[in-house]
Amino acid sequence: LQDPTETGDACPLKIYARKFLVNAMAQQIPLAEEDNTFTVTLKPNVDLTSDATAVTSTITISGLTNTLTSLTEIATMAVPGTFYPRFSSVSFDSTTGVMRALLSTGSCTNPPTMVLLANGASQNTCMKAGFTYGFSFRLKNPLVAQNPPNVQIGAVFASGTMPMTAVTAPSDPMKQVLRIIPATNIMKTYSIGQTNTIPGQKNAICVTLASWVGLEDNTEGVGNQFTTVTITGLGSQWKTSTQDQNLWHPDTSGDFGNLPLTSDTTIGAPQRNRDPATKIGTQAWSTVASGRADSRVRYSSEDGTVTFVMNNLVRETEYPFCFLMTNPDSVSTCKTVGLQVSSPGRQTSTYTMSAAAGDGCVGVVGDKSFPMTALRSATNVANAEPTLILDFSPNFGLTGGEVIELSGMSSYVPVGGDSSEDRDVQLFVSRNGRWDSTTFLSTGRWIVSTGAL
């Protein structure tokens, strides 16, 4: 028995109405005109049985309206993790949107095992109180988009009825029964982010795509036809010229800010056909890309777009990848990035891509700065000769010949020599905890008039 009690059950004469303790229902694909699988999960609080000499227990589902299914009899399938009831027949009326499933006659015992296959020998001839049962069935989605209808489930059995009650809807709106989106909206996931906001540096632009339906190449006619994807709105401010860019595989264990890029083939890199979970080969990337090598995207600095082709996308499978751009030298703001998908046999669809938050939003470039600075003194005693320790870390690279100035120290006087004249002072430099005698000159210039080094 599964979850047979709840708080208050011991209260004298507390009696529950006959009902399904669980009456959940969800769909797989919200796309108009597509074949859709619906999953039903039920837990009755009374036994539902069928007897040849009595009433046949019937489960009724209403509200399945506007489907394109013309069948009057439909098949059911097992649902992993639940017990599978055996139905003698399942009828469907497309005009009224009502489905009726009749439980088969037979003895009624507790289900013997959770390992239930989709065959008559392993199915249950009744639904015992307190056990969770599940089944699925297929219908063809409506022709046009619609909000989810009022889907209800009830039952009639030998000793009474369970009134029609609205199903428990899943939290994901796209999984709500018969919530339908236009047939052109074939993409399920289309997100984009970046890893670096430092001016003038390399920046990994990372994309994740998934489709509601399988997208296959079309070999009919003249030449192979693939799904063409265009990312728009990246802008032309990048210090990257029009060129093909290698694809890199993100480390899916981290977020955009912690994304390592590597050429190691066991982790990712510009290698063709890398599965996001196993890193093993798939057939996501096309081997023919307008004469270019596979596993590349084409960036155009003229219109700020990235174009590439894919083939044989498995439905509801996420394909993450990154490509490298060079940030501009000036401050830039978050871009609204679009996606355009053109697949053989389907209308071209457009989307606004889901952007990462904050600095992860594509296009954000900050000022050159020292995010970490700290000035410490070895002693605070007046007239002492302390060693001043400056800790700093830039968010950009500095090249030879550039000057760093530390100002606002007019109260300090260099040790030794004439304190009224500019002079060189000795520097001791460490980098990441180790002495560094090559990055900086061994001396810095003290400017008396401004108290600057």
Side-chain angles (χ1 to χ4, degrees), residues 1-27 37-64 73-92 98-137 150-171 175-177:
L1 198 61
Q2 299 176 329
D3 305 322
T5 63
E6 60 183 67
T7 302
D9 283 354
C11 184
L13 296 179
K14 181 175 182 179
I15 307 298
Y16 292 103
R18 298 180 178 94
K19 64 178 181 178
F20 288 113
L21 301 175
V22 174
N23 68 334
M25 190 170 174
Q27 69 178 8
T37 298
F38 300 87
T39 301
V40 181
T41 307
L42 300 173
K43 181 194 289 187
N45 65 355
V46 295
D47 292 349
L48 300 184
T49 63
S50 291
D51 190 292
T53 62
V55 175
T56 299
S57 292
T58 304
I59 297 173
T60 301
I61 302 177
S62 65
L64 305 174
E73 292 286 333
I74 56 178
T76 61
M77 298 154 287
V79 174
T82 65
F83 297 109
Y84 184 27
R86 180 192 297 174
F87 297 116
S88 59
S89 68
V90 181
S91 63
F92 178 67
V98 174
M99 187 188 87
R100 289 185 173 86
L102 277 61
L103 274 173
S104 299
T105 59
S107 60
C108 189
T109 59
N110 290 341
T113 175
M114 287 293 288
V115 183
L116 302 174
L117 304 177
N119 58 66
S122 64
Q123 295 174 12
N124 297 266
T125 56
C126 71
M127 297 175 67
K128 292 289 291 184
F131 287 87
T132 301
Y133 295 82
F135 62 92
S136 62
F137 59 93
N150 180 24
V151 178
Q152 298 185 336
I153 296 180
V156 176
F157 52 101
S159 58
T161 63
M162 293 182 184
M164 300 295 291
T165 305
V167 300
T168 302
S171 58
K175 298 298 183 181
Q176 295 174 2
V177 176

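Just the heavy atoms: all of them, side chains too, but no hydrogens, waters or symmetry mates, feed the values below.
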Problem - Residues that Phe92 engages under ring pair (Phe, Tyr, Trp, His ring centres under 6.0 Å), provided they are two or more places apart - result: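 Phe92 satisfies ring pair (Phe, Tyr, Trp, His ring centres under 6.0 Å) with no residue once adjacent residues are dropped.
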
Practice task
Could you pull out all residues at least two apart from Phe20 that satisfy ring pair (Phe, Tyr, Trp, His ring centres under 6.0 Å)?
Solution key: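 If we apply the ring pair (Phe, Tyr, Trp, His ring centres under 6.0 Å) test to Phe20, skipping adjacent residues, there are no hits.
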
Counterpart residues, side chain to side chain contact (heavy atoms under 4.5 Å, CB included), relative to [X] (two or more places apart):
| X | answer |
| --- | --- |
| Val22 | Ala24, Thr41, Lys43 |
| Thr161 | Val156 |
| Val79 | Thr39, Thr82, Ser136 |

Counting N and O atoms only, with roles assigned by atom type, does the side chain of [X] sit under 3.5 Å from a partner on the main chain of [Y], one being a donor and the other an acceptor?
| X | Y | answer |
| --- | --- | --- |
| Tyr84 | Thr76 | yes |
| Asn45 | Lys19 | yes |
| Ser57 | Thr49 | yes |
| Thr58 | Leu102 | no |
| Gln27 | Gln176 | yes |
| Asn150 | Gly63 | no |

Exercise for the section: List for me each residue that meets side-chain hydrogen bond (donor to acceptor under 3.5 Å, both in side chains) alongside Gln152, sequence neighbours excluded, and say none if there are none. Expected result: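 Expected list: none.
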
Exercise for the section: Identify, with sequence neighbours excluded, every residue that meets side-chain hydrogen bond (donor to acceptor under 3.5 Å, both in side chains) alongside Asp47. Expected result: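 Result, side-chain hydrogen bond (donor to acceptor under 3.5 Å, both in side chains) vs Asp47: Lys128.
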
Could you tabulate the donor-acceptor pairs under 3.5 Å formed by side-chain atoms of residues 162-170, not counting sequence neighbours?
unit_1, atom_1, unit_2, atom_2, d
Thr165, OG1, Pro163, O, 3.1
Thr168, OG1, Asn23, OD1, 3.3

Handout entry: Pair listing, salt bridge (Lys or Arg N to Asp or Glu O under 4.0 Å) test, anchored in residues 153-164, at least two apart
Key =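 Every pair satisfying salt bridge (Lys or Arg N to Asp or Glu O under 4.0 Å) with a residue in residues 153-164: there are none.
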
